[in-house]
Amino acid sequence: MYPFSQIEKKWSKRWFETKIYEPNLRRAKRPFYNLMMFPYPSAEGLHVGNMYAFTGSDIYGRFRRMQGNDVFQPIGLDGFGIHSENYALKIGTHPMKQAKVSEKRFYDQLRSIGNGFAWEERLETYDPEYYKWTQWIFVQMWKRGLAYRKKASVNWCPSCKTVLADEQVVNGDCERCGTEVVKKDLEQWFFKITKYADRLLKNLDNLPGGKAGIDWSEKVKIAQRNWIGKSESTEINFSIKASDKIITVVTTRADTIFGATFLVLAPEHGLITELAHQIKNYDEVRHYAEKAMKKTDFERGLLAKKKTGVRLKGVLAINPVNGVELPVFVSDFVLISYGTGAIFSVPAHDERDFEFAKLFHLPVISVIERPKREALGPISVQIYDEDLSETATEIKRFGIAREYATPTVRVYEIARKNVDRVIEILERARIGNRKDHELIRRGEDFTLEIKPRAINFLAVYTGDGRHINSGFLNNLRTEAAIKKVDTWLKERGMGKPAVYYHLRDWLISRQRYWGPPIPMIHCPACAKASSGKENAGWYAVPEKDLPVKLPQIKNFRPTGKGEAPLASVKSFYETKCPECGAKARRETDVSDTFLDSDTFLDSAWYFFRYTSVDDKTCPWRPEIAKKWLPVNRYIGGAEHSVLHLLYSRFLTMVFKEMGLINFEEPFTEFRAHGLLISSGAKMSKSKGNVVVPDVYIKKYGADVVRLYLMFLGPYEQGGDWRDAGIIGIVRFLNRVWNLGVKLGTGYKVQSTGRVSPWLHPHIKEITEDIANLKYNTAIAELMTALNKFEKEKQISRKDFETFLLLLAPLAPFITEELWQKLGNKYSIHNQAWPKFNTKYLIQNTITLIVQVNGKVRGQVSVKRGVGETEAKKLALAEEKIKKAIGAGKIKRTIFVKDRLINFVV
RNA sequence: GCCCCCGUGGCGGAACUGGUAGACGCGCAUGGUUUAGGACCAUGUCUCGAAAGAGGUAGGGGUUCAAAUCCUCUCGGGGGCACCA
């Protein structure tokens with residue numbers, strides 16, 4: 001095997017010393033900011049998944065460098081956070097100490113993978129020089145009214161002993177430790193990201209000034225759209241009988257208002273207490289509401305199989321469109337966090353409402369006519385699970401053509417002539433009325449589908465259709481009906497169109513130790529003086545006093561009392577009010593630092609800081625930031641679709657408003673790489689299939705590991721690491737080495753000084769593949785080229801050098817070594833990317849495919865650009881073609897120039 | 001439940017705007033080379049068939065001269081959101 005170890009060591013050192021990957025930040029002429037997601041320095045060390053992400057990004061950066069860009073490719077560590085803190089607790093050390101240990105290990109590893117990092121610009125989020133500016137940003141947010149403190153019912157992880165953002169709760173469990181999350185009422189700090197919801201959404205499609213939206217992987221854009229969750233809704237006011245109070249509900253289906261048969265309030269709804277005197281069963285209602293409020297969203301949502309609720313006796317709401325009096329309920333299926341926390345229910349056209357109506361035996365009024373069966377096209381029958389056995393047996397008597405079952409569906413194919421009789425059986429089984437029986441056509445037979453949970457579909461129709469029983473909305477369809485009712489309500493002041501978002505404000509405070517302290521001070525004296533005002537007594541730490549340093553304390557263990565560890569450190573929290581000078585108390589929470597690989601506030605702006613890491617006077621120097629930002633290309637994992645990537649966009653918008661920058665989207669291009677799995681499964685410690693790159697780098701060298709990772713599959717789709725295939729890459733690079741050494745030591749080589757024509761199409765392919773992140777096919781193409789070299793036995797030096805240049809971004813070490821061995825100037829990575837000449841892409845003789853009735857029957861060699869008449873003549877001269885056509889007459893000829901000719905007989 | 005992605009040899013995966021399916025690599029087989037090898041070299045490798053030929057991209061249906069590619073339904077896998085009114 002080629003001496004990779006020696007080579008890689010040598011060049012790592014040389015690159016570092018000669019700073020070939022350090023662009024001149026001030027003077028660069030063609031700046032290209034190639035960003036990769038800085039890693040979280042976990043105790044386990046650099047993961048092969050990290051290397052996968054970094055290699056893919058690095059190849060692209062190297063490619064751009066060779067194409068003439070000044071590429072800036074910085075790296076740093078996202079080292080604050082609960083993961084490090086927990087690890088320090090576990091092994092009985094201090095996070096500050098551990099950080100230094102991990103830092104060294106990570107940087108050593110990062111140096112070994114062959115990436116062209118700009119080491120001088122590296123940063124660590126736990127460095128006071130960095131988090132000083134994280135805190136500064138917090139202060140700016142505060143000054144602009146975008147940071148606020150609020151008592152809220154928040155997600156609390158009893159194990160991590162801190163609050164969690166909604167995004168960090170997965171199926172009711174803590175994303176990190178899997179402990180069930182509970183609800184707690186705590187005062188917390190929030191950022192008003194909701195204020196930017198519309199802009200965050202719009203920019204995905206169109207940037208201000210009519211420009212096209214940001215160029216991101218489509219799936220990430222979709223995820224953000226879903227997360228922001230815009231709904232065009234209507235607010236409708238229901239007055240309450242014998243009261244001056246009003247219930248404002250929110251709906252996206254105002255068209256169904258004539259079908260409303262009751263109202264439901266969220267347990268937290270303020271009206272419940274306001275109407276206390278009117279509610280006859282107030283104790284019962286209050287009891288229910290209090291119990292519900294203690295439940296987590298998960299318990300109220302997914303977990304709750306059955307609806308619960310209590311009627312507000314003595315309260316009747318009046319439907320504005322028809323004056324009908326409707327009962328009002330409280331139920332935990334309505335959430336205070338969305339809309340107004342109140343809804344009107346239309347059981348005929350909403351499944352949840354229907355569930356609830358069944359429970360309380362409430363009327364169901366249908367206001368939308370279902371489309372007729374014919375109009376539905378394919379039709380299907382669905383039966384409730386319990387009914388299945390008996391009915392199915394009966395149906396089976398008709399002779400089932402085919403039967404198959406899945407966990408949720410049982411499908412029978414029955415002959416057409418039996419359809420009506422089967423429907424009869426279904427009716428007898430009282431599965432629904434005839435209208436709801438639906439059959440799927442399947443050739444000559446029909447498919448009868450029997451699905452569990454079908455009863456709701458039978459009773460509830462959520463689709464569009466002609467409106468009935470709806471007064472002035474009769475005969476309209478949904479869209480038109482909504483418009484009409486909106487106008488109607490607005491004219492009478494009874495409602496108005498409104499837009500709602502699912503996006504919530506960003507909860508950023510955490511009750512832990514290992515994070516940047518929130519730079520706020522609370523003064524009790526001032527609070528008293530201006531009591532009643534919002535945020536009374538709260539002041540930002542004056543900017544000259546930043547950073548608020550995180551003190552090294554002995555007991556950094558989380559308290560679990562809703563208080564951060566710093567709350568018991570007197571020397572930390574005791575301070576003076578910046579306003580009145582009285583004794584005041586510092587905020588002791590730290591800002592959001594959570595997630596294995598990411599700390600949100602810290603990481604939401606790190607790419608700005610890279611441009612000015614040594615500047616102590618500002619977060620970034622405007623002239624340098626202007627030159628390099630926004631980031632030209634960002635490559636990272638899709639798991640950050642809605643967290644890091646959304647927060648970064650939000651902060652960038654704020655920075656623009658502050659006049660700090662002149663753009664509002666931080667990443668011009670974002671590409672999500674695929675997930676790297678191992679032996680068919682997601683890598684995880686519990687499965688024991690985590691691959692650590694070090695072992696392989698030691699055994700085969702970084703070039704081999706890089707190439708293998710990239711060869712696994714399309715970069716944007718991910719790949720499956722299996723040890724078996726790595727040998728193919730080892731062979732490939734060995735062959736490259738052997739060939740290179742032969743040339744370098746004076747074997748006979750042709751030296752024409754020009755790139756051979758046959759290589760040009762390969763240059764084109766490789767260039768395009770790398771530009772499109774299709775590294776797997778780029779490597780395949782390089783392998784093909786090598787095969788050709790070996791077959792020819794005669795090699796020109798120029799061709800081989802070109803080959804090395806093409807391979808250089810992918811395998812930077814071996815190519816650098818061979819480049820030198822061939823007597824070329826350092827460094828290969830600063831050479832110009834090979835160009836291809838289009839005149840060599842065109843072959844003069846091409847193979848024309850000859851088809852008869854669409855089937856390939858032969859091929860003929862023709863001159864490029866040959867016309868139909870000529871091609872036809874040549875094709876028909878072929879024995880095989882003659883035979884295939886036989887006695888038939890050619891009815892039609894399809895001719896695709898330089899590609900094929902097809903005879904239809 | 002809703003949204004997105006995917007399904008091609010024994011395996012990872014190629015296939016441009018529909019136009020010779022299986023590039024490249026792994027594995028396997030045969031031969032060579034080597035003291036030996038898990039090293040290297042050569043040849044072969046979708047299925048059936050002696051061949052001519054036929055079939056073949058999860059399955060059904062469709063559009064087309066022509067479908068892995070487009071439409072549609074079903075099945076299966078992965079990811080995201082989820083009582084959001």
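Naming: A, B, ... by sequence-line order, numbering from 1 per chain.
- Checking B:G1 for Watson-Crick or G-U wobble geometry (two distances, each under 3.5 Å) identifies B:C81 as its partner.
- With both ends at atom P, the span from B:U47 to B:G9 equals 12 Å, rounded to whole Å.
- Of the side-chain N and O atoms in A:S231, one or more sit less than 4.0 angstrom from OP1 or OP2 of B:A85.
- For the 3.5 Å distance criterion, the side chains of A:Y338 and A:S231 qualify, holding a donor opposite an acceptor.
- A 3.5 Å limit on both hydrogen-bonding distances identifies B:U43 as the Watson-Crick or G-U partner of B:A29.
- Nucleic acid contact class of A:V249 (heavy atoms, under 4.0 Å, all strands): none.
- Atom-to-atom, CD of A:Q224 to C1' of B:C3 comes out at 15 Å; the value is rounded to the nearest Å.
- Nearest-nucleotide positions on RNA chain B for A:G719 and A:I727 put A:G719 closer to the 5' end.
- Side chain of A:V856, nearest nucleotide from B:C24, B:G12, B:U20: B:U20.
- Nucleotides B:G76 and B:U30 are separated by 39 Å at their C1' atoms, to the nearest Å.
- Closest to the side chain of A:F333, out of B:A14, B:A85, B:C11, is B:A85.
- In terms of position on RNA chain B, the residue among A:D769 and A:F903 whose nearest nucleotide sits closer to the 5' end is A:D769.
- Checked against A:S345 for a side-chain contact (heavy atoms from CB on, under 4.5 Å), the options A:F356, A:F329, A:F262 give a single hit: A:F262.
- Taking only side-chain atoms of A:R857, from C-beta outward, the nucleotide of B:G13, B:G53, B:A85 with the closest atom is B:G53.
- A:A724 comes within 4.0 angstrom of the backbone, heavy atoms only, and of no base.
- At a threshold of 4.0 angstrom between heavy atoms, the contacts of A:L782 with the nucleic acid are absent.
- Residue-level contact check: A:V896 touches the bases, meaning some heavy atom is under 4.0 Å from a base atom.
- Taking a cutoff of 4.0 Å between a charged side-chain nitrogen and a carboxylate oxygen, A:R253 and A:D350 do not qualify as a salt bridge.
- The distance from atom CG of A:D723 to atom P of B:G27 is 12 Å, rounded to the nearest whole Å.
- Considering only side-chain atoms of A:F711, the nucleotide from B:G19, B:C4, B:G12 that sits closest is B:G12.
- Look at A:R892 and you won't find any side-chain N or O under 4.0 angstrom from OP1 or OP2 of B:A66.
- Atoms CD1 (A:I729) and P (B:G27) sit 12 Å apart, rounded to a whole Å.
- Atom CD of A:E218 has more than 12 heavy atoms from other residues, nucleotides or ligands within 6.0 Å.
- To the nearest angstrom, C1' of B:A67 lies 16 Å from CG of A:N853.
- Heavy atoms of A:I849 sit under 4.0 angstrom from at least one base atom.
- Under 3.5 Å, the side chain of A:E639 and the base of B:G79 form no donor-acceptor pair of N or O atoms.
- One finds a side-chain N or O of A:N776 lying less than 4.0 angstrom from the OP1 or OP2 phosphate oxygen of B:A14.
- Looking only at distances, a side-chain donor or acceptor of A:D505 sits under 3.5 Å from a matching main-chain atom of A:T194.
- Because its glycosidic torsion is more than 90° from 0, B:G10 is reported here as anti.
- A donor-acceptor pair shorter than 3.5 Å can be found between the side chains of A:Y288 and A:T308.
- Counting any heavy atom pair closer than 4.0 Å across all strands shown, A:K891 reaches no nucleic acid atom.
- Between A:R731 and B:C40, a side-chain N or O to OP1/OP2 separation shorter than 4.0 Å is present.
- Using a 4.0 Å heavy-atom criterion, one finds that A:Q851 contacts the bases of the nucleic acid, with or without backbone contacts as well.
- You won't find any donor-acceptor pair under 3.5 Å spanning the side chain of A:R225 and the base of B:C81, going by distance alone.
- Using a 4.0 Å cut-off, no side-chain N or O of A:K774 falls inside it from OP1 or OP2 of B:A14.
- Per the geometry, OH belonging to A:Y708 stands 11 Å off C1' belonging to B:G13, to the nearest Å.
- Judged by Watson-Crick or G-U wobble contacts below 3.5 Å, the nucleotide B:G76 has B:C6 as its partner.
- Within the 4.5 Å cutoff, the side chain of A:E232 has no heavy atoms near those of the A:T252 side chain.
- Side-chain N/O atoms of A:N787 include none lying less than 4.0 angstrom from OP1 or OP2 on B:A23.
- Pair assignment for B:U64 gives none, since no Watson-Crick or G-U wobble pairing has each distance under 3.5 Å.
- Counting distance only, with no hydrogens placed and no angle test, the side-chain atoms of A:N902 and the base atoms of B:C65 include a donor-acceptor pair under 3.5 Å.
- With rounding to whole Å, A:N226 atom CG is found 14 Å from B:C2 atom P.
- Under the Watson-Crick and G-U wobble criteria, each requiring two contacts below 3.5 Å, nucleotide B:U17 is left unpaired.
- Distance noted for atom P between B:U69 and B:U57: 9 Å (whole Å).
- Pair assignment for B:C48 gives B:G53, based on Watson-Crick or G-U wobble hydrogen-bonding distances that are each under 3.5 Å.
- The CZ atom of A:F732 sits 5.0 Å away from atom CG of A:L782, with the distance rounded to the nearest 0.5 Å.
- Taking the P atoms as reference points, B:G19 lies 15 Å from B:C71, given to the whole Å.
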